[in-house]
Amino acid sequence: MNLALDAFEFGLHTHIYYGVNKLNELPSIIRKYGYNKVFICSDKGIVQSGGLQRLEALLSEAGVAFYSCTEVEPDPTIEMVQRAKNLYVEHRCDALIGMGGGSSIDTAKGVSVAAANPGDLSQYEGKDKIPNKGPDVITIPTTAGTGSEVTHATVLKDSKRHYKMGILSAHLHARAAVLDPQLLTTVPRGVAAVTGMDALSHAIESYTSNQAQPITEAFGLYAIRLIGRHLRPFAARRADLTAACHMMLASTMAGAAFIWGRIAAVHAISHPLGGRLGVAHGLANSLLLPVVMRYNVGTNYEKFRDIAVALGENVEGLSLRAAAERSITAVELLIRDLEIPTTLSALDLKPSDEELNVIAQEAMDSGMTSANPKDCTVKDLRAMLEQIR
């Protein structure tokens, strides 16, 4: 970027409250914003972990009115969000809380859209198509991965099209995000691993994107460094509060980076991979990240070298190209150490050629490849899919 010639924008619309046991301050945060009754979107995993009970006890003790919807499902559908919206209206709530991983937070954002805008949510797919701002959302992430707590997007599954669609709008920024690393300590190991890789894909894609700018680059590279140092110990022992703290920050910073720096080919493919084959989002990103990095590495050896260093690789004495290629090695080693599958066949998925062709076309149609540092064709995307088959 030439700072003398180019211009950019950056802004965070979400007030971040970070700290161990920061959840205890939620009642005062709700009172600060003047909400009368909050609608909590969560899932059965948060119930089983005791997280929702803790939240409900805090609100009850403080006299804050609430209604809890625990029917959030992985890859929330438009239909599920509509049902939740009906409950939101029925119980006369005036604000939302999304507590959990990306699915719970995306559901809360989806309910906010549905509560203020008529018709089927599919009509709002894309960027800046929501006419009316919905009720405020407070996000409480319990995984370190999606970054949805600070982003301007919600991803919902359109069951009719077998497609995961993105809705992007400034109206979708949460009013506040409560980042309590203590909430990460009950995450299952497998979830910690794949959500951490989700955060890494956000950081690397926003850092290398053709839309990157100085502030997003700083956020992205710092997030990469934190993940390189702390994802392995966090996945190995979620009770490691130091590792949990750093992973919580890395996830949120990577999310802030991709609001403006954008995501690219990894996510372009992972969304239809999830919609068509049911591959969890973080896992899909993990499968694709080293493949896409290998495709892009020649566009900016300096940046990929910096990624290698941030991930702990010693590049002293290497050529610039060799140093850059070590970034791919570092990601592959991380995936191996986390014991994450690297192919669809390892997941007992055997998509047909036609299914992969459709996924590649949907990836191109998403528009996300426009931010990729190297131009992509449908043929290129199809070749990437072949590498993870």
Side-chain angles (χ1 to χ4, degrees), residues 10 12 14 16 101-103 105-106 109 139 141 143-155 164 166 168 172-174 177 179 184 191-213 215-231 234 246-271 273-274 279-293 296 303-304 306-307 310-311 327 330-331 334-335 338 340 363 366 368-373:
F10 185 86
L12 276 182
T14 302
I16 294 173
S103 295
I105 294 173
D106 282 355
K109 291 180 179 181
T139 54
T143 63
T146 72
S148 188
E149 62 270 14
V150 293
T151 69
H152 62 325
T154 182
V155 177
K164 290 174 72 172
L168 295 85
L172 286 175
H173 286 286
L179 309 183
L184 301 183
V191 174
V194 297
T195 54
M197 290 302 301
D198 189 14
L200 183 61
S201 68
H202 295 153
I204 289 177
E205 287 216 281
S206 63
Y207 182 63
T208 58
S209 159
N210 60 30
Q211 302 295 308
Q213 40 107 325
I215 299 175
T216 65
E217 288 173 341
F219 275 45
L221 190 59
Y222 191 70
I224 294 167
R225 185 176 298 116
L226 291 178
I227 294 166
R229 292 177 180 175
H230 299 286
L231 179 52
F234 175 60
H246 286 99
M247 285 304 301
M248 178 71 85
L249 285 177
S251 175
T252 299
M253 292 181 73
F258 86 74
I259 297 170
W260 298 97
R262 294 187 59 192
I263 44 182
V266 171
H267 281 75
I269 304 173
S270 72
H271 283 182
L273 201 62
V279 182
H281 180 65
L283 178 53
N285 285 343
S286 181
L287 292 172
L288 290 159
L289 182 57
V291 173
V292 175
M293 289 176 68
N296 288 331
K303 278 194 170 183
F304 282 90
D306 292 345
I307 293 170
L311 290 173
S327 66
V331 170
L334 178 58
I335 292 169
L338 294 172
I340 299 174
S366 72
M368 281 185 275
T369 59
S370 64
N372 204 64

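When reading the values below, keep in mind they use all heavy atoms of this one structure, side chains included, and skip hydrogens, waters and symmetry mates.
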- Test side chain to side chain contact (heavy atoms under 4.5 Å, CB included) on Ile335 and Ser286 and set out the steps. CA-CA 7 Å; Ile335 292 169; Ser286 181; 3.7 Å; yes
- Note on the structure: All heavy atoms of Val194 vs all of Leu283, minimum pair found to be CB-N, 4.0 Å
- Note on the structure: What one should report as the nearest heavy-atom pair of Ile307 and Thr208 is CD1-CG2, 3.8 Å
- Item | Thr154 (side chain) donor-acceptor with Asp106 (main chain) under 3.5 angstrom | yes
- Out of curiosity, Thr151 OG1 to Leu168 CG, how far, rounded to the nearest 0.5 Å? 8.0 Å
- Message: Could you check whether any side-chain N or O of Lys164 sits under 3.5 Å from a backbone N or O of Val155, counting only pairs where one atom can act as donor and the other as acceptor?
- Response: no
- Item | Atom of Leu311, atom of Gly228 and distance for their closest heavy-atom approach | CD2-CA, 3.8 Å
- Item | Least distance between heavy atoms, Thr14 atom then Ala177 atom | CG2-N, 3.5 Å
- Stepwise side chain to side chain contact (heavy atoms under 4.5 Å, CB included) check, His173 with Ile259: CA-CA 10 Å; His173 286 286; Ile259 297 170; 4.0 Å; yes
- Please name all residues satisfying side-chain contact (heavy atoms from CB on, under 4.5 Å) with Ala203, sequence neighbours left out, ordered by chain then number. Ala223, Ile224, Ala254
- So, the side chain of Ser209 versus the backbone of Gly261: is there a donor-acceptor pair under 3.5 Å, distance only? yes
- State whether the side chain of Ser206 and the backbone N or O of His202 hold a donor-acceptor pair below 3.5 Å, judged by distance alone. yes
- Query: Taking only residues two or more places apart in sequence, or in another chain, which ones meet Gln213 in a side chain to side chain donor-acceptor pair (under 3.5 Å)?
  - Reply: none
- Task: Applying side-chain contact (heavy atoms from CB on, under 4.5 Å), name anything that partners Thr195, two or more places apart in sequence or on another chain.
- Result: Thr143, Val191
- Quick one: list whatever passes side-chain contact (heavy atoms from CB on, under 4.5 Å) with Leu249, sequence neighbours left out. Tyr18, Leu226
- Item | Set of residues satisfying side-chain contact (heavy atoms from CB on, under 4.5 Å) with respect to Arg225, sequence neighbours excluded | Leu221, Tyr222, Arg229, Ala310
- Item | Selection residues 249-265 - residue pairs positive for side-chain hydrogen bond (donor to acceptor under 3.5 Å, both in side chains), sequence neighbours left out | Glu149-Thr252, Arg262-Ser370
